[in-house]
Amino acid sequence: MDAGCAQAHPALLDYKTEKYVVTKNRKVGVLYRFLHLAILCYTIGWVFLTKKGYQDTDSDPYVSIITKLKGVSITKNFRNSQEKIWDVADFVKPSQGENVLFLVTNFIATTGQVQRTCPENPINLDGRCSENLDCVAGEPVVNGNGIKTGKCVLFNNTHSTCEIFGWCPVENESLLRKPRLNEAENFTLFIKNVIHFSKFNFSRANTLDTSDETYFKNCRYNPFSSPYCPVFQIQEIVTQAGWSFEDLSIMGGVVAARIEWKCDLDHPAAECLPQYSFRLQDTKNNFRTATYYWDQERKEYRDLLKLYGFRFDISVTGEARKFGLVPTAVSLGTGCAFLGAATFLCDLILLYLDKKASFYRSCKYEEAKPPKRQQNIQETNNKE
């Protein structure tokens with residue numbers, strides 16, 4: 001029974017071993033050496049030298065950001081036309097310390113608003129009318145400032161609008177073509193960043209560790225002379241984003257600030273320095289805020305401000321690298337696998353695609369048989 005199975009499935013019990021045959025085929029030989037050279041160049045030049053495949057990586061660091069804006073500007077007071085000083089508490093929204101902040105450069109002030117009835121602004125198309133029937137009482141004006149009372153009244157000599165109940169007078173849309181806070185271009189933005197790569201237990205900060213309290217008040221960032229002074233002038237930031245401060249300060253804009261860390265921990269830690277880049281994301285940015293107060297009769301008023309300015313979105317990315325046995329072994333193993341694939345490809349061409357493929361197959365594949373006497377004894381034993 002066992003012999004029958006062996007005869008039925010002889011290939012299952014055969015053992016194959018490699019046989020090396022030297023062929024004088026120059027085309028395949030040149031291809032073989034070329035593939036080896038290309039694989040070695042790829043493994044050494046690209047994997048190890050360019051991509052540093054011998055290093056382990058950590059691209060998910062922990063980061064913290066602290067920001068501070070500094071500067072003072074002066075404008076005309078929107079209540080009594082006297083001069084008004086704007087400092088950090090006035091032109092920075094929200095409070096400092098976030099990775100997103102807003103710098104006011106221009107504004108529209110609507111002062112002394114009180115809740116009563118007044119004409120809607122004709123800039124809102126839903127508020128325009130020609131008769132009372134166009135103003136349905138109790139309906140809000142779409143994108144408007146209040147609730148319709150049912151009356152159509154004159155807004156000015158050219159427009160009639162629905163009378164509304166809301167904060168009156170409605171917002172004044174006139175905007176100066178020169179920024180009110182024109183000194184904002186000289187304001188400075190301080191960006192403190194600390195990054196930690198937990199995989200390698202390595203931390204770095206972009207600020208100089210100094211006891212001099214005046215250092216950050218007087219320095220400005222320079223990648224060569226002061227790389228540990230992350231203090232940037234607003235005008236320089238906008239310029240690096242590809243725009244001018246004068247063009248954007250009237251209507252505002254959104255600027256993305258990116259801090260990128262690339263640290264090779266096989267080198268001294270002092271060489272691990274951040275790279276800063278700035279990019280403009282939008283050319284318009286504004287929001288509204290109001291200050292509420294009461295008169296002597298406890299009647300509520302408010303001053304409405306529509307603020308235009310720069311919104312800064314600060315993001316941090318980082319990657320740390322260090323020598324590791326596992327990535328080195330993986331990279332070497334991949335290179336060896338490619339060398340084996342080169343041999344397989346050349347064998348395929350030589351044994352099946354070459355003109356003398358049948359001759360090469362006959363030389364490469366040979367069936368090893370026992371001597372004739374030993375074969376007769378084996379056949380006799382099988383018969384028994």
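Predicted, not measured: the structure shown is a model, and the values here were computed from it.
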Apply salt bridge (charged side-chain N to carboxylate O under 4.0 Å, His left out) to residues K262 and D264 and explain how you reach the verdict. CA-CA 7 Å; K262 286 189 175 295; D264 189 342; over 6 Å; no
Dump the intermediate steps for side chain to side chain contact (heavy atoms under 4.5 Å, CB included) on T188 and L69, then the final yes or no. CA-CA 6 Å; T188 58; L69 263 169; over 6 Å; no
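Side-chain atoms of D303 come within 3.5 Å of backbone N or O of G112 as a donor-acceptor pair. A donor-acceptor pair is defined here as one N or O able to donate and one able to accept, closer than 3.5 Å; no such pair exists between the side chain of K68 and the backbone of L189. For the pair S160 (side chain) and L154 (backbone), a donor-acceptor distance under 3.5 Å is absent.
Ring pair F202/F197 is parallel by interplanar angle, where below 30° counts as parallel and above 60° as perpendicular. Note: Y54 and F48 have parallel aromatic rings, judged against thresholds of 30 and 60 degrees for the angle between ring planes.
For the residue pair E163 and T149, a side-chain donor N or O sits within less than 3.5 Å of a side-chain acceptor on the partner.
Taking the side chain as every heavy atom from C-beta outward, Q115 and F165 approach each other to under 4.5 Å. Side-chain contact between N193 and V63 is present, with at least one heavy-atom pair separated by less than 4.5 Å. Contact check for V141 versus I147: no side-chain heavy atoms found under the 4.5 Å cut-off. In this structure, the side chains of F245 and T105 come closer than 4.5 Å at one or more pairs of heavy atoms.
Hydrophobic clustering of Ile, Leu, Val, Met, Phe, Trp and Tyr side chains at less than 4.5 Å, counting indirect connections, unites F310 with F287.
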